[in-house]
Asks: 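The structure that follows is given in the form of C-alpha coordinates.
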Amino acid sequence: MIKVFGLVDCHTCYVSCERIFNPKLVGKPVVVLSNNDGAVVARSDEVKAMGVKMGTPYFEIKDQVKSGKIIACSSNYALYQDISNRITKVISEFVPAYEVYSIDESFIDLTGINEDLEKLCKELKHQIYRQVGMPVGVGVGRTKTLAKLNNWASKKWKAKTGSVVVLLDAERQEKLLKFADVGEIWGIGSRTNKRLELLGITKANQLAQYDSKMLRKMFNVNVERTARELNGQVCFDLSEGPEPKQNIASTRMFGKRAYELLELRQAVATYAARAAVKLRKEKMLTSCLQIFIQTSRFDDRPYSNGTIVGLESPTDDTRELIAAAQAGLTRIFRPGFPYAKAGIMLSQFEPKSGYIPDLFAKPARRNADNLMSLIDLVNKTQGRGTLRFAAEPEAASWGMKREFLSPAYTTKWSELLKVKVG
DNA sequence: TCTGGGGTCCTAGGACCC
DNA sequence: TCTGGGGTCCTAGGACCC
(Lines give C-alpha, C1' and ligand atoms only; values in the text may rest on other atoms or scores of the structure.)
Protein backbone atom coordinates (compact mmCIF):
# COMPACT_ATOMS: atom_id res chain seq x y z
CA MET A 1 0.00 0.00 0.00
CA ILE A 2 1.35 3.44 -0.90
CA LYS A 3 1.66 5.54 2.18
CA VAL A 4 0.31 9.05 2.58
CA PHE A 5 1.38 11.33 5.41
CA GLY A 6 0.12 14.72 6.48
CA LEU A 7 1.56 17.33 8.76
CA VAL A 8 -0.72 19.69 10.66
CA ASP A 9 1.10 22.68 12.04
CA CYS A 10 -0.15 25.61 14.08
CA HIS A 11 0.43 28.99 12.55
CA THR A 12 2.68 31.08 14.84
CA CYS A 13 1.51 28.82 17.63
CA TYR A 14 2.19 30.76 20.82
CA VAL A 15 1.07 34.06 19.35
CA SER A 16 -2.14 32.46 18.11
CA CYS A 17 -2.75 30.97 21.57
CA GLU A 18 -2.48 34.42 23.12
CA ARG A 19 -4.82 35.81 20.46
CA ILE A 20 -7.51 33.23 21.14
CA PHE A 21 -8.14 34.77 24.55
CA ASN A 22 -7.15 38.32 23.77
CA PRO A 23 -8.63 39.26 20.41
CA LYS A 24 -7.15 42.75 20.73
CA LEU A 25 -3.87 41.13 19.68
CA VAL A 26 -5.28 40.05 16.31
CA GLY A 27 -3.70 41.92 13.43
CA LYS A 28 -1.12 43.54 15.73
CA PRO A 29 2.62 42.85 15.86
CA VAL A 30 2.99 40.39 18.75
CA VAL A 31 5.95 38.43 20.12
CA VAL A 32 6.08 35.75 22.80
CA LEU A 33 9.21 35.77 24.95
CA SER A 34 11.13 32.83 26.39
CA ASN A 35 11.43 32.16 30.09
CA ASN A 36 12.78 35.16 31.98
CA ASP A 37 11.55 37.28 29.08
CA GLY A 38 14.97 36.60 27.62
CA ALA A 39 14.46 36.19 23.91
CA VAL A 40 11.80 36.06 21.19
CA VAL A 41 10.43 32.53 20.70
CA ALA A 42 7.36 33.30 18.59
CA ARG A 43 6.49 36.13 16.22
CA SER A 44 3.30 37.14 14.50
CA ASP A 45 3.40 37.72 10.74
CA GLU A 46 3.42 41.47 11.38
CA VAL A 47 6.58 41.14 13.50
CA LYS A 48 8.25 38.90 10.92
CA ALA A 49 7.54 41.60 8.35
CA MET A 50 9.32 44.10 10.58
CA GLY A 51 12.45 41.99 10.29
CA VAL A 52 12.63 40.75 13.90
CA LYS A 53 14.40 37.38 13.89
CA MET A 54 13.62 34.30 15.94
CA GLY A 55 15.78 34.25 19.08
CA THR A 56 16.35 38.01 19.17
CA PRO A 57 17.20 39.01 22.75
CA TYR A 58 14.47 41.05 24.37
CA PHE A 59 16.66 44.05 25.09
CA GLU A 60 17.12 44.58 21.38
CA ILE A 61 13.39 45.19 20.87
CA LYS A 62 12.70 46.73 24.28
CA ASP A 63 12.31 50.23 22.87
CA GLN A 64 9.74 49.06 20.36
CA VAL A 65 7.79 47.32 23.13
CA LYS A 66 7.89 50.37 25.40
CA SER A 67 6.71 52.62 22.59
CA GLY A 68 3.91 50.23 21.69
CA LYS A 69 5.19 49.26 18.26
CA ILE A 70 5.42 45.63 19.35
CA ILE A 71 3.29 43.85 21.93
CA ALA A 72 5.19 41.35 24.10
CA CYS A 73 3.79 38.37 26.00
CA SER A 74 5.72 36.25 28.50
CA SER A 75 5.46 32.59 27.64
CA ASN A 76 2.57 30.77 29.26
CA TYR A 77 3.27 27.11 28.59
CA ALA A 78 0.38 25.80 30.65
CA LEU A 79 -1.98 27.65 28.33
CA TYR A 80 -0.20 26.53 25.14
CA GLN A 81 -0.17 22.89 26.21
CA ASP A 82 -3.86 23.01 26.95
CA ILE A 83 -4.66 24.46 23.51
CA SER A 84 -2.41 21.83 21.95
CA ASN A 85 -4.33 19.04 23.71
CA ARG A 86 -7.61 20.37 22.35
CA ILE A 87 -6.24 20.37 18.82
CA THR A 88 -5.06 16.79 19.23
CA LYS A 89 -8.59 15.86 20.22
CA VAL A 90 -10.03 17.30 17.01
CA ILE A 91 -7.38 15.49 14.96
CA SER A 92 -8.12 12.22 16.70
CA GLU A 93 -11.73 12.48 15.56
CA PHE A 94 -10.68 12.95 11.94
CA VAL A 95 -8.00 10.37 11.19
CA PRO A 96 -7.38 6.77 12.27
CA ALA A 97 -3.75 7.35 13.26
CA TYR A 98 -1.68 10.37 14.19
CA GLU A 99 1.52 11.25 15.98
CA VAL A 100 1.85 14.28 18.21
CA TYR A 101 5.26 15.49 17.13
CA SER A 102 5.54 18.64 19.23
CA ILE A 103 3.37 21.17 21.00
CA ASP A 104 2.46 22.72 17.65
CA GLU A 105 2.73 19.91 15.09
CA SER A 106 1.15 16.53 14.47
CA PHE A 107 1.71 13.99 11.73
CA ILE A 108 -1.41 12.26 10.45
CA ASP A 109 -1.70 9.00 8.55
CA LEU A 110 -3.89 9.37 5.47
CA THR A 111 -2.94 6.03 3.95
CA GLY A 112 -5.79 4.25 2.23
CA ILE A 113 -8.33 6.99 2.79
CA ASN A 114 -10.51 6.93 -0.28
CA GLU A 115 -11.56 10.54 -0.32
CA ASP A 116 -10.51 13.84 -1.78
CA LEU A 117 -7.60 14.49 0.60
CA GLU A 118 -7.45 18.18 -0.11
CA LYS A 119 -11.09 18.53 0.83
CA LEU A 120 -10.61 16.41 3.93
CA CYS A 121 -7.63 18.47 5.12
CA LYS A 122 -9.46 21.72 4.51
CA GLU A 123 -12.31 20.43 6.63
CA LEU A 124 -9.86 19.42 9.38
CA LYS A 125 -8.31 22.87 9.25
CA HIS A 126 -11.73 24.44 9.43
CA GLN A 127 -12.80 22.33 12.40
CA ILE A 128 -9.62 23.11 14.36
CA TYR A 129 -10.27 26.79 13.79
CA ARG A 130 -13.95 26.54 14.65
CA GLN A 131 -13.53 24.40 17.78
CA VAL A 132 -10.24 25.70 19.17
CA GLY A 133 -9.56 28.99 17.38
CA MET A 134 -6.15 27.97 16.06
CA PRO A 135 -5.17 28.62 12.42
CA VAL A 136 -3.24 25.64 11.03
CA GLY A 137 -1.53 24.69 7.80
CA VAL A 138 -1.53 21.17 6.37
CA GLY A 139 1.02 19.55 4.06
CA VAL A 140 0.43 16.14 2.52
CA GLY A 141 2.97 13.90 0.77
CA ARG A 142 4.31 10.39 0.30
CA THR A 143 6.65 10.56 3.29
CA LYS A 144 6.96 12.53 6.49
CA THR A 145 9.80 14.56 5.04
CA LEU A 146 7.69 15.46 2.00
CA ALA A 147 4.67 16.24 4.16
CA LYS A 148 6.86 18.61 6.15
CA LEU A 149 8.17 20.27 3.03
CA ASN A 150 4.69 20.59 1.55
CA ASN A 151 3.56 22.17 4.78
CA TRP A 152 6.38 24.66 4.41
CA ALA A 153 5.20 25.29 0.87
CA SER A 154 1.71 26.04 2.15
CA LYS A 155 3.21 29.06 3.89
CA LYS A 156 5.37 30.14 0.96
CA TRP A 157 3.00 29.88 -1.94
CA LYS A 158 0.82 32.91 -1.63
CA ALA A 159 -1.65 31.48 -4.12
CA LYS A 160 -2.38 28.67 -1.67
CA THR A 161 -4.72 30.68 0.48
CA GLY A 162 -6.25 27.55 1.91
CA SER A 163 -2.95 26.66 3.63
CA VAL A 164 -3.41 23.08 2.50
CA VAL A 165 -0.87 21.65 0.05
CA VAL A 166 -1.39 18.11 -1.19
CA LEU A 167 1.28 16.80 -3.58
CA LEU A 168 0.95 13.15 -4.43
CA ASP A 169 2.07 12.85 -8.01
CA ALA A 170 5.80 12.83 -8.65
CA GLU A 171 5.83 15.63 -11.20
CA ARG A 172 4.15 18.21 -9.01
CA GLN A 173 6.28 17.15 -6.05
CA GLU A 174 9.41 17.53 -8.18
CA LYS A 175 8.44 21.11 -8.97
CA LEU A 176 8.53 21.96 -5.29
CA LEU A 177 11.82 20.15 -4.77
CA LYS A 178 13.38 22.32 -7.47
CA PHE A 179 12.08 25.42 -5.75
CA ALA A 180 12.98 24.61 -2.13
CA ASP A 181 16.45 25.23 -0.68
CA VAL A 182 18.02 22.18 1.03
CA GLY A 183 18.09 24.14 4.28
CA GLU A 184 14.28 24.01 4.38
CA ILE A 185 14.25 20.23 4.53
CA TRP A 186 13.38 18.57 7.81
CA GLY A 187 16.58 17.10 9.25
CA ILE A 188 19.00 19.34 7.36
CA GLY A 189 20.32 21.84 9.87
CA SER A 190 22.71 24.70 9.33
CA ARG A 191 25.88 22.59 9.65
CA THR A 192 24.83 19.99 7.13
CA ASN A 193 23.45 22.72 4.89
CA LYS A 194 26.86 24.38 4.71
CA ARG A 195 28.63 21.14 3.92
CA LEU A 196 26.08 20.29 1.23
CA GLU A 197 26.65 23.67 -0.34
CA LEU A 198 30.33 22.83 -0.72
CA LEU A 199 29.24 19.84 -2.77
CA GLY A 200 27.16 22.14 -4.94
CA ILE A 201 23.88 20.90 -3.48
CA THR A 202 21.62 23.86 -2.83
CA LYS A 203 18.14 22.72 -3.88
CA ALA A 204 16.08 19.88 -2.49
CA ASN A 205 15.88 18.07 -5.84
CA GLN A 206 19.71 17.93 -5.99
CA LEU A 207 19.82 16.18 -2.63
CA ALA A 208 17.12 13.79 -3.80
CA GLN A 209 19.17 12.89 -6.87
CA TYR A 210 22.51 12.52 -5.09
CA ASP A 211 23.86 9.01 -4.58
CA SER A 212 22.41 7.98 -1.24
CA LYS A 213 25.22 5.58 -0.35
CA MET A 214 27.68 8.44 -0.77
CA LEU A 215 25.56 10.62 1.48
CA ARG A 216 25.76 7.99 4.16
CA LYS A 217 29.51 7.81 3.82
CA MET A 218 30.10 11.55 3.79
CA PHE A 219 27.46 12.50 6.35
CA ASN A 220 25.46 9.94 8.26
CA VAL A 221 22.56 7.59 7.99
CA ASN A 222 20.06 10.34 8.70
CA VAL A 223 21.05 12.44 5.69
CA GLU A 224 20.82 9.32 3.57
CA ARG A 225 17.32 8.57 4.86
CA THR A 226 16.25 12.16 4.34
CA ALA A 227 17.36 12.01 0.70
CA ARG A 228 15.48 8.73 0.22
CA GLU A 229 12.37 10.24 1.75
CA LEU A 230 12.53 13.10 -0.75
CA ASN A 231 12.20 10.41 -3.42
CA GLY A 232 9.07 9.08 -1.81
CA GLN A 233 10.70 6.14 -0.09
CA VAL A 234 9.39 5.84 3.47
CA CYS A 235 12.20 5.71 6.05
CA PHE A 236 10.49 7.39 8.99
CA ASP A 237 7.20 5.85 9.95
CA LEU A 238 4.49 7.22 12.16
CA SER A 239 5.14 6.49 15.79
CA GLU A 240 1.93 6.18 17.68
CA GLY A 241 1.71 6.87 21.33
CA PRO A 242 4.56 8.71 22.97
CA GLU A 243 7.75 6.69 23.39
CA PRO A 244 8.71 6.33 27.01
CA LYS A 245 11.12 9.11 27.88
CA GLN A 246 14.79 8.27 28.27
CA ASN A 247 15.76 11.53 29.91
CA ILE A 248 13.98 14.10 32.00
CA ALA A 249 15.50 17.53 32.38
CA SER A 250 14.64 20.57 34.39
CA THR A 251 16.95 23.49 33.76
CA ARG A 252 16.52 27.24 33.90
CA MET A 253 18.35 30.48 33.51
CA PHE A 254 17.98 32.60 36.65
CA GLY A 255 16.08 35.87 36.49
CA LYS A 256 19.09 37.42 38.23
CA ARG A 257 22.64 36.19 38.84
CA ALA A 258 23.11 34.02 41.95
CA TYR A 259 26.35 34.09 43.94
CA GLU A 260 25.55 32.21 47.14
CA LEU A 261 25.52 28.49 47.73
CA LEU A 262 22.18 28.86 49.49
CA GLU A 263 20.56 30.36 46.41
CA LEU A 264 21.86 27.56 44.26
CA ARG A 265 20.71 24.97 46.77
CA GLN A 266 17.20 26.37 46.54
CA ALA A 267 17.25 26.51 42.77
CA VAL A 268 18.55 22.99 42.46
CA ALA A 269 15.97 21.67 44.92
CA THR A 270 13.21 23.35 42.94
CA TYR A 271 14.41 21.78 39.69
CA ALA A 272 14.85 18.37 41.30
CA ALA A 273 11.29 18.53 42.60
CA ARG A 274 10.01 19.51 39.16
CA ALA A 275 11.91 16.67 37.51
CA ALA A 276 10.51 14.28 40.13
CA VAL A 277 6.96 15.26 39.20
CA LYS A 278 7.68 14.53 35.53
CA LEU A 279 9.26 11.22 36.49
CA ARG A 280 6.21 10.09 38.46
CA LYS A 281 3.99 11.16 35.57
CA GLU A 282 5.98 8.77 33.37
CA LYS A 283 5.56 6.08 36.05
CA MET A 284 9.29 5.50 36.08
CA LEU A 285 12.08 5.17 38.60
CA THR A 286 15.49 6.73 38.02
CA SER A 287 18.89 5.59 39.16
CA CYS A 288 20.99 8.44 37.82
CA LEU A 289 20.83 12.15 38.51
CA GLN A 290 23.02 14.70 36.78
CA ILE A 291 23.40 18.25 37.95
CA PHE A 292 25.15 21.23 36.40
CA ILE A 293 25.69 24.89 37.23
CA GLN A 294 27.11 27.56 34.97
CA THR A 295 27.78 31.26 34.61
CA SER A 296 26.50 33.04 31.51
CA ARG A 297 28.22 31.99 28.32
CA PHE A 298 28.69 35.69 27.67
CA ASP A 299 30.75 36.17 30.86
CA ASP A 300 34.46 37.02 30.71
CA ARG A 301 35.37 34.48 33.36
CA PRO A 302 33.05 31.59 32.68
CA TYR A 303 32.72 28.65 35.03
CA SER A 304 30.69 25.62 34.27
CA ASN A 305 30.68 22.27 35.95
CA GLY A 306 28.51 19.24 36.33
CA THR A 307 28.50 15.90 38.02
CA ILE A 308 26.67 12.63 38.09
CA VAL A 309 25.14 11.24 41.25
CA GLY A 310 24.16 7.60 41.22
CA LEU A 311 21.12 6.76 43.31
CA GLU A 312 21.58 3.85 45.70
CA SER A 313 18.39 2.26 44.48
CA PRO A 314 15.93 3.36 41.78
CA THR A 315 13.54 5.97 43.12
CA ASP A 316 10.87 8.53 42.31
CA ASP A 317 10.91 10.09 45.77
CA THR A 318 11.38 13.87 45.62
CA ARG A 319 13.29 13.78 48.91
CA GLU A 320 15.88 11.34 47.58
CA LEU A 321 16.32 13.39 44.43
CA ILE A 322 16.70 16.67 46.29
CA ALA A 323 19.28 15.06 48.59
CA ALA A 324 21.23 13.67 45.64
CA ALA A 325 21.13 17.03 43.87
CA GLN A 326 22.41 18.83 46.98
CA ALA A 327 25.23 16.32 47.35
CA GLY A 328 26.23 16.87 43.73
CA LEU A 329 26.00 20.63 44.07
CA THR A 330 28.39 20.63 47.02
CA ARG A 331 30.94 18.90 44.83
CA ILE A 332 30.84 21.39 41.97
CA PHE A 333 30.05 24.72 43.63
CA ARG A 334 32.90 27.25 43.64
CA PRO A 335 32.30 30.55 45.43
CA GLY A 336 32.70 33.91 43.79
CA PHE A 337 31.07 33.25 40.41
CA PRO A 338 27.94 34.96 39.07
CA TYR A 339 25.86 31.87 38.33
CA ALA A 340 23.28 32.27 35.58
CA LYS A 341 21.86 28.80 35.12
CA ALA A 342 21.50 25.42 36.78
CA GLY A 343 19.84 22.19 35.87
CA ILE A 344 18.96 18.65 36.78
CA MET A 345 18.80 15.69 34.43
CA LEU A 346 17.44 12.26 35.26
CA SER A 347 18.21 9.12 33.30
CA GLN A 348 18.48 5.33 33.48
CA PHE A 349 14.81 4.67 34.01
CA GLU A 350 12.90 1.54 34.71
CA PRO A 351 9.17 1.09 34.99
CA LYS A 352 7.83 1.53 38.47
CA SER A 353 5.31 -1.25 38.03
CA GLY A 354 6.96 -4.57 38.48
CA TYR A 355 10.05 -3.12 40.10
CA ILE A 356 11.47 -5.55 42.63
CA PRO A 357 14.08 -4.07 44.91
CA ASP A 358 17.02 -6.37 45.37
CA LEU A 359 17.69 -7.86 48.73
CA PHE A 360 20.39 -5.46 49.79
CA ALA A 361 18.88 -2.29 48.33
CA LYS A 362 18.22 0.60 50.63
CA PRO A 363 14.53 0.38 51.48
CA ALA A 364 12.23 3.17 50.27
CA ARG A 365 11.10 5.60 52.91
CA ARG A 366 7.91 4.65 54.63
CA ASN A 367 4.71 5.68 52.83
CA ALA A 368 6.77 7.36 50.13
CA ASP A 369 4.26 6.51 47.39
CA ASN A 370 1.28 7.81 49.31
CA LEU A 371 3.05 11.01 50.20
CA MET A 372 4.24 11.68 46.64
CA SER A 373 0.83 10.94 45.09
CA LEU A 374 -0.81 13.26 47.59
CA ILE A 375 1.62 16.08 46.85
CA ASP A 376 1.14 15.65 43.11
CA LEU A 377 -2.62 15.61 43.45
CA VAL A 378 -2.76 18.73 45.60
CA ASN A 379 -0.45 20.63 43.29
CA LYS A 380 -2.38 19.52 40.24
CA THR A 381 -5.75 20.59 41.58
CA GLN A 382 -4.77 23.58 43.70
CA GLY A 383 -1.99 24.97 41.55
CA ARG A 384 1.70 24.35 41.27
CA GLY A 385 3.63 25.15 44.44
CA THR A 386 0.72 24.71 46.85
CA LEU A 387 2.66 21.95 48.60
CA ARG A 388 6.43 21.99 48.42
CA PHE A 389 9.48 20.84 50.26
CA ALA A 390 11.29 23.08 52.71
CA ALA A 391 14.32 23.26 50.41
CA GLU A 392 12.20 24.92 47.72
CA PRO A 393 11.63 28.60 48.43
CA GLU A 394 8.24 30.21 47.84
CA ALA A 395 9.63 33.19 45.96
CA ALA A 396 13.26 33.28 45.04
CA SER A 397 15.55 36.17 44.23
CA TRP A 398 16.81 34.18 41.25
CA GLY A 399 13.28 33.28 40.13
CA MET A 400 11.80 33.76 36.71
CA LYS A 401 10.99 37.13 35.24
CA ARG A 402 7.61 37.12 33.50
CA GLU A 403 6.62 40.72 33.11
CA PHE A 404 3.99 40.26 30.41
CA LEU A 405 2.24 37.08 31.53
CA SER A 406 -1.26 36.40 30.31
CA PRO A 407 -3.72 34.81 32.75
CA ALA A 408 -4.07 31.02 32.97
CA TYR A 409 -7.34 31.25 31.05
CA THR A 410 -7.96 27.57 30.78
CA THR A 411 -6.09 25.96 33.65
CA LYS A 412 -7.08 28.00 36.72
CA TRP A 413 -10.68 28.61 37.70
CA SER A 414 -9.80 31.97 39.18
CA GLU A 415 -8.45 33.18 35.86
CA LEU A 416 -11.22 32.01 33.56
CA LEU A 417 -12.18 34.55 30.97
CA LYS A 418 -15.22 36.58 32.04
CA VAL A 419 -17.74 37.32 29.35
CA LYS A 420 -20.21 40.17 29.61
CA VAL A 421 -23.59 39.51 28.09
CA GLY A 422 -26.09 42.16 27.10
C1' DT B 1 22.46 45.41 32.60
C1' DC B 2 19.54 41.96 29.54
C1' DT B 3 20.87 36.33 25.08
C1' DG B 4 15.26 29.72 26.21
C1' DG B 5 14.18 24.82 27.50
C1' DG B 6 13.60 20.11 26.62
C1' DG B 7 14.24 16.43 23.90
C1' DT B 8 16.24 12.51 20.32
C1' DC B 9 19.54 10.03 17.64
C1' DC B 10 24.08 9.02 15.79
C1' DT B 11 29.08 8.52 15.83
C1' DA B 12 33.80 8.30 17.20
C1' DG B 13 36.78 6.71 20.32
C1' DG B 14 38.29 4.52 24.61
C1' DA B 15 38.20 0.50 27.67
C1' DC B 16 37.92 -4.03 27.92
C1' DC B 17 37.52 -8.83 26.43
C1' DC B 18 39.24 -13.18 24.20
C1' DT C 1 60.17 -1.23 9.01
C1' DC C 2 56.97 -4.42 11.00
C1' DT C 3 53.60 -4.23 16.08
C1' DG C 4 46.42 -9.60 15.71
C1' DG C 5 41.73 -8.77 14.96
C1' DG C 6 37.50 -8.98 16.24
C1' DG C 7 33.87 -8.12 19.30
C1' DT C 8 31.01 -5.27 22.97
C1' DC C 9 29.85 -1.66 25.87
C1' DC C 10 29.99 2.94 27.37
C1' DT C 11 30.40 7.89 27.05
C1' DA C 12 31.02 12.50 25.30
C1' DG C 13 29.92 15.37 21.94
C1' DG C 14 27.73 16.73 17.63
C1' DA C 15 23.70 17.65 15.08
C1' DC C 16 19.12 18.10 14.77
C1' DC C 17 14.21 19.13 16.11
C1' DC C 18 10.44 22.41 17.96
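This is a predicted model, so every value here is computed, not measured. Note: hydrogens, waters and symmetry copies are ignored here, and every other heavy atom, side chains too, is used.
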Asks: With the sugar-phosphate defined as primed atoms, P, OP1 and OP2, and the base as all remaining atoms, what B/S/- string results for nucleotides 12-18 of chain C, 5' to 3', for protein heavy atoms under 4.0 Å?
Replies: ---SSSS
Asks: Could you pull out all residues at least two apart from M345(A) that satisfy side-chain contact (heavy atoms from CB on, under 4.5 Å)?
Replies: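 For M345(A) the side-chain contact (heavy atoms from CB on, under 4.5 Å) partners, ignoring immediate neighbours, are A249(A), Q290(A), F292(A).
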Asks: Could K155(A) and D9(A) be called an ion pair, given the rule that one side-chain N must be under 4.0 Å from one carboxylate O?
Replies: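 Yes, K155(A) and D9(A) are salt-bridged.
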Asks: For nucleotides 2-7 of chain B, read 5' to 3', which letter fits each nucleotide if B means a protein heavy atom sits under 4.0 Å from the base, S means only the sugar-phosphate is that close, and - means neither?
Replies: BBSSSS
Asks: Listed by chain and number, what are the side-chain contact (heavy atoms from CB on, under 4.5 Å) partners of E282(A), not counting sequence neighbours?
Replies: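 Testing E282(A) for side-chain contact (heavy atoms from CB on, under 4.5 Å), a comparison that skips the adjacent residues, returns K245(A), I248(A), M284(A).
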Asks: Do any pairs count as a side chain to side chain donor-acceptor pair (under 3.5 Å) and have a residue in residues 56-73 of chain A, sequence neighbours left out, and if so which ones?
Replies: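 Output for this query is empty, none listed.
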Asks: Counting the atoms with a prime plus P, OP1 and OP2 as sugar-phosphate, which does R216(A) contact under 4.0 Å by heavy atoms, base, sugar-phosphate, or nothing?
Replies: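 Nothing, no nucleic acid heavy atom in range.
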Asks: Would you list the pairs meeting side chain to side chain donor-acceptor pair (under 3.5 Å) in which at least one residue belongs to residues 42-55 of chain A, sequence neighbours left out?
Replies: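 Sorted result for residues 42-55 of chain A: H11(A)-D45(A), R19(A)-E46(A), S44(A)-E46(A).
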Asks: Who passes side chain to side chain donor-acceptor pair (under 3.5 Å) against R388(A), sequence neighbours left out?
Replies: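 So R388(A) forms no side chain to side chain donor-acceptor pair (under 3.5 Å) with any residue.
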Asks: Starting from P on dT11(B), measure out to CD on E224(A) and report it in whole angstrom.
Replies: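 Whole-Å distance recorded here is 10 Å.
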Asks: Taking only the C1' atom of each, what is the distance from dC2(B) to dC18(C) in whole angstrom?
Replies: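 Nearest-Å result for dC2(B) against dC18(C) at atom C1': 24 Å.
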Asks: Not counting sequence neighbours, which residues clear side-chain contact (heavy atoms from CB on, under 4.5 Å) with K256(A)? List them please.
Replies: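 For K256(A), the residues satisfying side-chain contact (heavy atoms from CB on, under 4.5 Å) (neighbours in sequence not counted) are S397(A).
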Asks: In residues 199-207 of chain A, what donor-acceptor pairs under 3.5 Å come from side-chain atoms, sequence neighbours left out?
Replies:
unit_1: T202(A); atom_1: OG1; unit_2: Q206(A); atom_2: OE1; d: 3.2
unit_1: K203(A); atom_1: NZ; unit_2: F179(A); atom_2: O; d: 3.3
unit_1: K203(A); atom_1: NZ; unit_2: D181(A); atom_2: OD1; d: 2.7
unit_1: Q206(A); atom_1: OE1; unit_2: T202(A); atom_2: N; d: 2.9
unit_1: Q206(A); atom_1: OE1; unit_2: K203(A); atom_2: N; d: 2.9
unit_1: Q206(A); atom_1: NE2; unit_2: G200(A); atom_2: O; d: 3.1

Asks: Given that both pair distances must be under 3.5 Å and the pair must be Watson-Crick or G-U, what runs of three or more consecutive pairs involve DNA chain B?
Replies: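 Detected stem regions: B:5-18 with C:5-18.
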Asks: Who pairs with N305(A) by side chain to side chain donor-acceptor pair (under 3.5 Å), at least two apart in sequence or on another chain?
Replies: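 Result, side chain to side chain donor-acceptor pair (under 3.5 Å) vs N305(A): Y303(A).
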Asks: Just to verify, what does V234(A) make a side-chain contact (heavy atoms from CB on, under 4.5 Å) with, not counting sequence neighbours?
Replies: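 Partners of V234(A) by the side-chain contact (heavy atoms from CB on, under 4.5 Å) criterion, ordered by chain and then number, come out as K3(A), F5(A), T143(A), E229(A).
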